[in-house]
Amino acid sequence: MLPRRVLASAAVCLLLTACSNAQVGTPNAQPVPPSPAPTPDAKSLEKYTTQKLAWGECAAFAGGDASAEKVLKDKKFECAHLTVPLDYAKPDGDVIKIAVLRHRASKPDQRIGSLVTDPGGPGGSGVRSAAGHVQRAPESDIVQRFDLVGFDPRGVGASEPRIKCLTDAERDADRAEDSESDNSPAGVAKQLADAKAYADKCAERTEHGKDMLANVGTRDVVRDLDILRAALGDEKLTYLGYSYGTQIGSAYAEAYPAKVRAMVLDGAVDPAQDTAESLVLQMAGFQNTFNEFAKTCVTRPDCALGKDAAGATKAFQDLVKPLITKPVQVGARKLSFEDAITGTLAALYSQAAWGFLNEGLANLTRGNGQNLIQLADSYYDRGQDGTYAGIIDVYYAVRCVDSPRVTDRAKIDSAHQRMLQGAPILDGGTPDMTELDICAAWPVPATSQPHTPKADGLAPTLVISTTNDPATPYQAGVNLAKALGGRLLTFEGAQHTVYLQGNQCVDKAASAYLIDGTLPADGIRC
């Protein structure tokens with residue numbers, strides 16, 4: 001069984017033809033500049049910052065996931081809903097609720113304060129991930145000295161309302177269909193129609209509709225985070241962000257630099273990169289990690305990719321390309337080419353899943369797609385009962401307001417070409433130059449844009465970057481540390497994120513920083 005942490009630590013979701021059917025938009029759409037961020041004054045938010053959280057049991061915050069519910073039933077966890085404005089420009093208007101979990105410091109006499117954490121996504125559940133940290137390392141210094149707090153960002157998990165676009169059956173059907181392989185005029189027309197229909201469903205099926213979609217981005221999550229900090233009673237924020245959670249962290253640091261006590265950002269998203277550039281580099285990162293997987297695989301007598309690491313990409317393509325026209329039956333479902341790619345990339349997040357991936361590729365040679373569809377299910381957070389947690393819908397909703405939409409076909413074509421050059425494992429063997437990005441059809445404009453953050457007066461921060469991180473390339477961490485004037489910790493490995501996952505060098509350095517503010521030595525490598 002694939003560990004669920006492959007998804008829980010997920011970074012920016014995959015955003016290319018091989019990973020979703022809803023990737024296109026209207027060819028005549030024009031870019032819309034980001035709207036200015038609202039600047040509500042402290043007095044207008046006082047009723048939110050002074051609210052008392054009604055802590056209670058957490059089982060209902062599991063969202064119907066049986067395994068999560070089992071963990072959250074533990075009495076050592078307590079949960080509450082934080083009330084925040086739907087639209088910060090209208091603090092007296094509609095409100096929404098943010099799900100929050102807390103585990104009190106196990107050594108209360110040595111308690112420092114709260115440590116708020118987010119696992120990434122966008123769409124990952126901080127409620128579940130915080131509980132997971134405690135379950136994995138109940139005796140860690142972090143659990144002993146801090147109230148560990150996780151929150152589900154607006155639209156996510158147990159927060160209310162959730163972003164809802166596709167039904168479970170529609171998501172299954174979307175994954176099973178390799179529609180982007182059809183680049184005939186009729187195929188392109190269908191892609192355009194599907195993108196518009198997807199965007200319309202998000203607006204129709206999400207409570208508060210377009211108002212919710214317009215206020216679900218990082219800009220607003222950061223304001224929620226500051227409300228949470230105040231409601232927890234902390235004068236300053238101590239924060240741990242993974243992957244997209246680093247984007248939340250860096251945006252908070254820019255908005256509230258004087259309110260940061262300490263911040264660990266692991267698996268950094270470079271906030272200055274636009275969508276096209278970040279995807280090109282991200283896909284190259286997946287290829288690099290696939291190459292590392294191949295080097296390990298070919299030393300095994302049962303490697304499904306043969307004995308030559310240099311030929312592993314071709315061997316992989318020979319296995320998965322036939323799925324474009326002949327998907328493999330898996331019970332009542334079918335393994336598509338897209339799901340095979342998604343499942344493979346999901347396994348690259350952690351070396352713990354590499355053996356399962358090799359087994360899955362070997363099984364595929366025998367017409368068995370069970371492992372690969374299970375890996376893809378873990379990526380999409382599909383439960384065994386066929387229900388989805390909604391992470392993909394949240395991802396699009398957030399990304400489509402976090403960056404100005406891309407409608408320049410030449411830029412899109414160039415990005416596709418560079419992606420396939422840098423990551424040939426993704427190549428479906430057919431032209432991919434006809435679709436626009438799904439955000440071109442999004443019903444609300446962007447509220448943010450990529451930029452280098454400026455955070456004058458920010459306390460020293462710690463950025464952790466992994467040399468062969470498949471989802472957030474190493475250089476992004478270098479860039480973010482420089483932008484924030486922070487310290488960089490380099491982890492030499494092939495996985496996505498590392499802190500609190502058992503590496504003693506990383507854990508000791510980052511925990512010491514969070515506890516007493518001592519940064520590790522400049523140039524540290526683990």
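Keep in mind that the numbers below use all heavy atoms, side chains included, and drop hydrogens, waters and symmetry copies.
- With sequence neighbours left out, Asp308 forms a salt bridge (charged side-chain N to carboxylate O under 4.0 Å, His left out) with no residue at all.
- In this structure Phe77 satisfies the ring-ring contact (aromatic ring centres under 6.0 Å, His included) test together with His103, sequence neighbours excluded.
- For the residue pair Tyr198 and Asp393, a side-chain donor N or O sits within less than 3.5 Å of a side-chain acceptor on the partner.
- Within the model, atoms CD1 of Ile373 and OG of Ser336 stand 7.5 Å from one another, a figure rounded to the nearest 0.5 Å.
- For Arg145, the side-chain contact (heavy atoms from CB on, under 4.5 Å) criterion is met by Gln110, Ile112, Ile515, not counting sequence neighbours.
- Remark: Asp168 engages Thr387, Tyr388 in a side-chain contact (heavy atoms from CB on, under 4.5 Å) (not counting sequence neighbours).
- Between Asp381 and Arg171 there is no salt bridge, since none of the side-chain N atoms of the basic residue sits less than 4.0 Å from a carboxylate O of the acidic one.
- Using a 4.0 Å cut-off between charged side-chain N and carboxylate O, Arg162 and Asp152 make no salt bridge.
- Checked by atom type, the side-chain pair Asn288/Glu292 shows no donor-acceptor distance below 3.5 Å.
- With hydrogens and angles disregarded, a donor-acceptor distance shorter than 3.5 Å links the side chain of Lys307 to the backbone of Arg300.
- Residues meeting the side-chain hydrogen bond (donor to acceptor under 3.5 Å, both in side chains) test with Ser106, sequence neighbours left out: none.
- Asn479 and Gln273 share no donor-acceptor pair across their side chains, judged by distance under 3.5 Å alone.
- The side-chain hydrogen bond (donor to acceptor under 3.5 Å, both in side chains) search around Asp318 returns Lys314, not counting sequence neighbours.
- Here Arg418 pairs with Glu277 under the side-chain hydrogen bond (donor to acceptor under 3.5 Å, both in side chains) rule; sequence neighbours left out.
- Judged by distance alone, the side chain of Tyr474 and the main-chain N or O of Thr490 form no donor-acceptor pair under 3.5 Å.
- Not counting sequence neighbours, the partners of Ala272 by the side-chain contact (heavy atoms from CB on, under 4.5 Å) test are Asp270, Thr452.
- Residues meeting the side-chain contact (heavy atoms from CB on, under 4.5 Å) test with Gln351, sequence neighbours left out: Trp354, Ala494.
- Atom CD1 of residue Ile464 and atom CZ of residue Arg487 lie 13.0 Å apart, to the nearest 0.5 angstrom.
- Electrostatic pairing of Asp172 and Arg382 counts as a salt bridge here, judged by a charged N lying under 4.0 Å from a carboxylate O.
- With sequence neighbours excluded, no residue forms a side-chain hydrogen bond (donor to acceptor under 3.5 Å, both in side chains) with Tyr239.
- The ring-ring contact (aromatic ring centres under 6.0 Å, His included) test applied to Phe146 returns no partner, not counting sequence neighbours.
- Thr289 and Tyr349 share no side-chain donor-acceptor pair at under 3.5 Å.
- The line from OH of Tyr252 to CG of Leu265 is 13.0 Å long, rounded to the nearest 0.5 Å.
- The ring-ring contact (aromatic ring centres under 6.0 Å, His included) search around Phe61 returns His81, not counting sequence neighbours.
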